[in-house]
Amino acid sequence: MIKFFRHIRERMLQENRFSRYFLYAIGEIVLVVIGILIALQINLWNEGRKERVKEQVVLQRLLEEFNTNLAQLDEKIEMRENIILATTDALGYMDHPEGVQRDSLLAKLTTTTIAPTFDPIINDLVSSGNIRLIRNQQLNRLLTEWPTYVIQLAELEQEHMDNYRRILTPTFIRMGISRDLNHLYSSNEKNFSYLLDKVAPSELPTSSASPRPVPLGDLLNSKELEGILSNAILICHLANMESKSLRKRIMDILTLLKQEIRTDA
């Protein structure tokens, strides 16, 4: 083909047909430019096709991750709701002590020794630059903001952890009921349902109750205990409000992911 065009150019020059040669040269340049543009377009199409394949892989991975995150978040919400219910009952015992059994009160208090924390999968889309693969702008924005949502919940969870470590546990030790609480906690298999393997240990070092129990009256009249139970309710309630807002965002992400994932891929 190149020889063919060269032959035409040489013949035109020999015939002194410069005007036609000039037009022909322009036409040849146009054809070359068109060829280059077509080649670039094909290359861009191939690159775009490769990125769409990568996008589908990322979307599938995100779907699995956020389903896992949703399951874990629901579990933490349930744990906090159990804490709220138990501590509310315990405060009710303190407000109306008639007929209250010591073990019933302590059983409610064992729930407060749980400190739920949400530990989700945080993808590396932003840091790796793969966020650009997500073409859906709404989904892209939610995924970009996801770490910020998690941090907001973590701040409230940290308050509960601080309440548990700095106030709750020292108070139980000071009141002399930690051994009894540990005994009751280990006696209830439901308390171990949140472990990774969902299996309660067969034996715990503190599996027996204290031989010198603190009188029920001292527990029911403790203003210190009343205060930490009230704090636990408030903090868990706020954490669950934030958790439910986070849950809505997870559901939005899952909905968009399912819309973007090709079922024929």
Side-chain angles (χ1 to χ4, degrees), residues 58-88 90-91 108-132 134 136-173 181 185 190-198 227-258:
V58 170
L59 292 174
Q60 288 286 355
R61 188 190 71 187
L62 288 172
L63 183 65
E64 295 174 4
E65 290 179 359
F66 277 94
N67 274 322
T68 300
N69 288 338
L70 177 63
Q72 186 197 157
L73 184 62
D74 283 343
E75 186 176 70
K76 305 304 179 179
I77 291 173
E78 181 184 1
M79 291 170 71
R80 293 192 200 95
E81 287 177 347
N82 289 337
I83 294 172
I84 292 170
L85 288 173
T87 48
T88 300
L91 284 177
K108 298 296 183 181
L109 296 182
T110 60
T111 311
T112 63
T113 62
I114 303 171
T117 55
F118 181 51
D119 185 25
I121 300 171
I122 302 293
N123 58 73
D124 62 347
L125 283 176
V126 176
S127 60
S128 67
N130 284 332
I131 191 68
R132 65 179 178 76
I134 309 299
N136 186 303
Q137 292 304 304
Q138 184 182 0
L139 177 59
N140 190 302
R141 177 179 58 80
L142 287 171
L143 292 171
T144 302
E145 296 173 352
W146 168 247
T148 303
Y149 302 146
V150 174
I151 290 172
Q152 291 173 352
L153 174 59
E155 290 173 351
L156 284 172
E157 290 179 336
Q158 187 60 49
E159 285 191 42
H160 183 74
M161 289 295 296
D162 291 343
N163 187 61
Y164 169 72
R165 291 171 178 168
R166 299 178 185 178
I167 302 175
L168 191 68
T169 299
T171 299
F172 286 161
I173 293 174
L181 291 177
Y185 187 94
K190 290 183 179 180
N191 291 329
F192 300 96
S193 62
Y194 301 108
L195 294 179
L196 185 61
D197 294 328
K198 313 294 183 184
I228 62 176
L229 291 178
S230 179
N231 283 345
I233 292 173
L234 177 60
I235 294 171
C236 285
H237 179 68
L238 292 175
N240 263 4
M241 288 178 63
E242 194 70 17
S243 294
K244 289 173 182 177
S245 295
L246 185 61
R247 189 183 193 279
K248 181 181 182 303
R249 286 167 173 78
I250 292 178
M251 295 303 297
D252 290 341
I253 289 173
L254 287 173
T255 298
L256 291 171
L257 285 171
K258 290 173 183 176

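Reckoned from all heavy atoms, side chains included, excluding hydrogens, waters and symmetry mates. In what follows, residues are counted from 1 in the order of the sequence shown.
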Drop me the distance from Asp74's CG to Asn69's CG, to the nearest 0.5 angstrom.
11.0 Å
I need the minimum non-hydrogen distance between Ile233 and Ile84, along with the two atoms involved.
O-CG1, 4.2 Å
Look only at the side chain of Thr113 and the backbone of Leu109, and say whether a donor-acceptor pair between them is shorter than 3.5 Å.
no
Below 4.5 Å, heavy atoms only, C-beta onward: do Lys248 and Asp252 meet side chain to side chain?
yes
For Glu81, the salt bridge (charged side-chain N to carboxylate O under 4.0 Å, His left out) test, sequence neighbours excluded, returns Lys244
Who pairs with Glu157 by salt bridge (charged side-chain N to carboxylate O under 4.0 Å, His left out), at least two apart in sequence or on another chain?
Arg80
CG of Leu229 to OG1 of Thr171, rounded to nearest 0.5 Å, is 10.0 Å
Would you check if the side chain of Gln72 reaches a backbone N or O of Phe118 as a donor-acceptor pair within less than 3.5 Å?
no
Donor-acceptor pair, Ser230 side chain versus Gly227 backbone, under 3.5 Å?
no
Check: Lys76 side chain, Thr117 main-chain N or O, donor-acceptor pair, under 3.5 Å
yes
Could you walk me through whether Glu159 and Asn163 pass the side-chain hydrogen bond (donor to acceptor under 3.5 Å, both in side chains) check?
CA-CA 6 Å; Glu159 285 191 42; Asn163 187 61; over 6 Å; no
Do you know which two heavy atoms are closest between Pro116 and Ile83, and how far apart they sit?
CD-CD1, 3.9 Å
Within this structure, what is the CD-CG distance for the pair Glu65 and Leu62, rounded to the nearest 0.5 Å?
5.5 Å
Arg141 side chain reached by Gln137 side chain, heavy atoms, under 4.5 Å
no
Closest non-hydrogen contact found for Ile131 with Asn140 is O-ND2, 3.0 Å
Is any side-chain heavy atom of Pro120 less than 4.5 Å from a side-chain heavy atom of Leu246?
no
Going from CG on Leu139 to CG on Leu254, what distance comes out if it is rounded to the nearest 0.5 angstrom?
10.0 Å
The reported gap from CD in Glu145 to CD1 in Ile151 (rounded to nearest 0.5 angstrom) is 12.5 Å
What's the shortest heavy-atom distance between Arg166 and Pro170, and which atoms?
O-CG, 3.3 Å
Gln60 CD to Leu257 CG distance, which is reported to the nearest 0.5 Å:
9.0 Å
Atom of Thr110, atom of Tyr185 and distance for their closest heavy-atom approach:
O-CD1, 3.7 Å
Less than 4.5 Å apart, side chain to side chain, heavy atoms only: is that true for Leu73 and Leu153?
yes
Would you mind reporting whether Leu143 and Phe66 have side-chain heavy atoms less than 4.5 Å apart?
yes
Donor-acceptor pair, Asn67 side chain versus Leu63 backbone, under 3.5 Å?
yes
Please test Ile114 against Tyr164 for side chain to side chain contact (heavy atoms under 4.5 Å, CB included), starting from the C-alpha separation and ending with a verdict.
CA-CA 8 Å; Ile114 303 171; Tyr164 169 72; over 6 Å; no
Arg165, CZ atom: more than 12 neighbouring heavy atoms under 6.0 Å
no
Between Phe172 and Ile228, is a side chain to side chain contact (heavy atoms under 4.5 Å, CB included) present by the stated rule, with each step listed?
CA-CA 10 Å; Phe172 286 161; Ile228 62 176; 4.1 Å; yes
